[in-house]
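Remember, it's a predicted structure, so these values are computed and weren't measured experimentally. Convention: sequence-line order gives letters A, B, ...; per-chain numbering from 1.
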2 protein chains.
Amino acid sequence: MKEKNKARVAISKSHGSQKRRGRRVRADAQRNLDTLLRSAMEVFAVSGVDAPVRQIAEKAGVGIGTVYRHFPQRSDLIVAVFRREVDACANAAGLLAAEYRPGEALARWMQRYVDFISAKRGLAAALYSGDPAYDTVPFYFRKRLRPALQTLLEAAAAAGEVRAGVEPDDLLRAVSSLCAPAGHNSDPAQARRMVALLADGLRYGARPSRKHSSS
Amino acid sequence: MKEKNKARVAISKSHGSQKRRGRRVRADAQRNLDTLLRSAMEVFAVSGVDAPVRQIAEKAGVGIGTVYRHFPQRSDLIVAVFRREVDACANAAGLLAAEYRPGEALARWMQRYVDFISAKRGLAAALYSGDPAYDTVPFYFRKRLRPALQTLLEAAAAAGEVRAGVEPDDLLRAVSSLCAPAGHNSDPAQARRMVALLADGLRYGARPSRKHSSS
DNA sequence: ATTGTATACGGAACATTGTTCCGTTTGCAA
DNA sequence: TTGCAAACGGAACAATGTTCCGTATACAAT
């Protein structure tokens, strides 16, 4: 078997699937799964989600059988990559909140979200294809992103940097609408500007809180 | 060769392609082309635009080679069907204008447009796939539909049945947006209601014309 | 360290579908 | 009636998703 990577396997996955007292997931399997997801993400970004499975397998340095062992259907791979990126975007909220002041963190996260949506334009077509394999994706999407944004919003509102009472769902949909639709020509720069404008709109009408000593 | 259809071929296509004094398009070719488009339309409606070419050929009662003679690429067939339905929708404007009063004609056409957009949800995925084969479709779409709607709008405005100054493009986009987006669950009835509301919105603020004796 | 085995791997083989090619058939003008 | 360009049908090819199974290996038990 391949021995390309000596990195310690932390078994960080908390799937809780390893049966008590049973064998752990084999290290090479975990490693291949990670490699596969990463390779698939890159290939999808370059060639779109219609890229051949063989190409992904080759890039990851594994056999086709291995791909299908981890992802019985091609769509499973796509969904897994999507979820992974949704997770990354959601996690970015916490990181930004730790590093920047609430208002700044919010604004930066929104741009991060724009990047995410823009990069996933290829996936959008698959999502709208009507294939039931993707039915759960929007649910996961909202479930993961809404709390992240809500936390940012509340923190920024508490700090008096944005107005209160803004619905996370509204904001998520507004941004994705700004990034996506207009026919066939999507200008990323334009999307970015529109979203920046939206962020400024949030700031407008902010009411400095009393619980927070104003500077 | 097949001889399943005795219907007179009117050669109504005004492609202007038959060379002066040259051979006319063979009758069976024209007949097969019509049959193909009709079969494709039906198959697409049932199985989506990803339906196998073989299935369409079978339904039309022709060989695969014949399909590819008329439509070198699969996407050519899809585009042809789409254009045919766009034409039908655009032509409906004239028919409705002849049969109903301006305001009624406008309202009915908008519902007709809703039907068209809703039925074409399957095509939307293909259109957004990024395949350059579909690049010209939106252009044709607007080129054909905008004048049709504009005529209806102006007639209705002149009759004092709707307000003036409404942009056809805005209306087209608004309706398609109402029909399409919301995640994964599109409720046709809801779309219909929303569009009806929109139509009422047009009526609001209508200024009865002086040139037209009010009832 | 050795060993047994459940686990995972690799890739050939298969199934489906888009596309090409070419021998055969046929509409139609002379 | 006849000649042939146009059109046809479908076998063959190519690309790609998916399955299957013999082989390799990580790892727990000893």
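Between the B:Asp76 side chain and the B:Gln73 main chain, a donor and an acceptor come within less than 3.5 Å of each other.
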For this session: Would you sort out whether B:Arg144 and B:Asn91 count as a side-chain contact (heavy atoms from CB on, under 4.5 Å), showing the intermediate values?
Result: CA-CA 9 Å; B:Arg144 207 71 177 70; B:Asn91 291 339; 3.6 Å; yes
Problem set entry | Criterion side-chain hydrogen bond (donor to acceptor under 3.5 Å, both in side chains) on A:Arg83 and A:Tyr140, from CA distance to verdict | CA-CA 8 Å; A:Arg83 288 168 75 116; A:Tyr140 186 78; 4.5 Å; no
For this session: Go through the steps to decide whether A:Tyr113 and A:Leu171 satisfy the test side-chain contact (heavy atoms from CB on, under 4.5 Å), and finish with yes or no.
Result: CA-CA 11 Å; A:Tyr113 180 61; A:Leu171 212 47; over 6 Å; no
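Rounded to whole angstrom, the span from the CG atom of B:Asp76 across to the C1' atom of C:dG18 amounts to 13 Å. Atom C1' of nucleotide C:dC28 and atom CG of B:Asp28 are separated by 10 Å, given to the nearest angstrom.
Applying the 4.0 Å criterion to OP1 and OP2 of D:dA7, one finds that B:His70 has every side-chain N and O outside that range. For the OP1/OP2 pair of D:dA7 and a distance below 4.0 Å, the side-chain nitrogens and oxygens of B:Thr66 include no atom meeting the criterion. Close to C:dA8, at under 4.0 Å from its OP1 or OP2, lies no side-chain N or O of A:Asn32.
For residues 47-73 of chain B, there are no ring-ring contact (aromatic ring centres under 6.0 Å, His included) pairs, not counting sequence neighbours.
Contacts of residues 50-58 of chain B with DNA chain C (heavy atom under 4.0 Å): B:Ala51, B:Pro52, B:Val53, B:Arg54.
Checked by distance alone, A:Arg26 brings no side-chain donor or acceptor within 3.5 Å of a matching partner on the base of C:dA8.
Here A:Glu104 pairs with A:Arg108 in a salt bridge; the nearest charged N to carboxylate O distance falls below 4.0 Å. Between A:Glu58 and A:Arg54 no salt bridge is recorded (no basic side-chain N to carboxylate O distance below 4.0 Å).
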Give me, pair by pair, the N or O atoms of the protein and of nucleotides 20-24 of chain C that are less than 3.5 Å apart, along with how far apart they are.
none

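Residues A:Leu153 and A:Val162 come closest through the heavy atom pair O-CG2, 4.1 Å.
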